Amino acid sequence: MVAPALALSEGVERAVWAGTVLLGAVLLVLGPARKNAAVVLAFGGGAVLWAASLAGWLEPLPETVTSAAGSLTLAGALVQSARICQAGECSVCDDGERADRGG
């Protein structure tokens, strides 16, 4: 989420975008948030906003602002995903907790 504000080269920022989207998508697919439409839509919207910013499609707006907004939206979706998967909140986490405790 800091990459847009650092004003790195365009290639580096695109690589950061690709890595963030890939890692975030894996986390969403493996967690219980995959069933939460709001989290999935926020993640997708953030990815599209950040990609559109990098492609220059939001040209009248400053690229630093739109890229940061996209990356913050992605981060927010991932934080919400983590909050959904807290012990006692979902069966996936409960099963993992029981396995860790040997029960």
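Since the model is a prediction, treat every value here as computed from it, not as a measurement. Reckoned from all heavy atoms, side chains included, excluding hydrogens, waters and symmetry mates.
- For the side chain to side chain contact (heavy atoms under 4.5 Å, CB included) test, no residue two or more places apart in sequence or in another chain qualifies with Ala18.
- Listed for the Ser71 side chain is a donor-acceptor partner under 3.5 Å among the backbone atoms of Ala68.
- Through chains of ILVMFWY side-chain contacts below 4.5 Å, Leu58 is grouped with Leu49.
- Under a 3.5 Å cut-off, the side chain of Thr73 and the backbone N or O of Ala69 do form a donor-acceptor pair.
- Nearest heavy-atom pair, Gly46 versus Leu74, reported as atom, atom and distance to 0.1 Å: C-CG, 4.0 Å.
- A distance of 12.0 Å separates CZ in Arg14 from CH2 in Trp50, rounded to the nearest 0.5 Å.
- Here the closest non-hydrogen pair linking Glu63 and Leu54 is OE2-CD2, 3.5 Å.
- The heavy-atom pair separating Trp17 from Ala47 by the smallest distance is NE1-O, 3.2 Å.
- There is no path of hydrophobic side-chain contacts, each under 4.5 Å, that joins Val16 to Val65.
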Donor-acceptor pairs under 3.5 angstrom involving side-chain atoms of residues 36-43: please list them, not counting sequence neighbours.
from	atom 1	to	atom 2	distance (Å)
Asn36	OD1	Ala38	N	3.1
Asn36	OD1	Val39	N	3.3

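- Applying the side-chain hydrogen bond (donor to acceptor under 3.5 Å, both in side chains) criterion to Thr66, with sequence neighbours excluded, gives Ser53.
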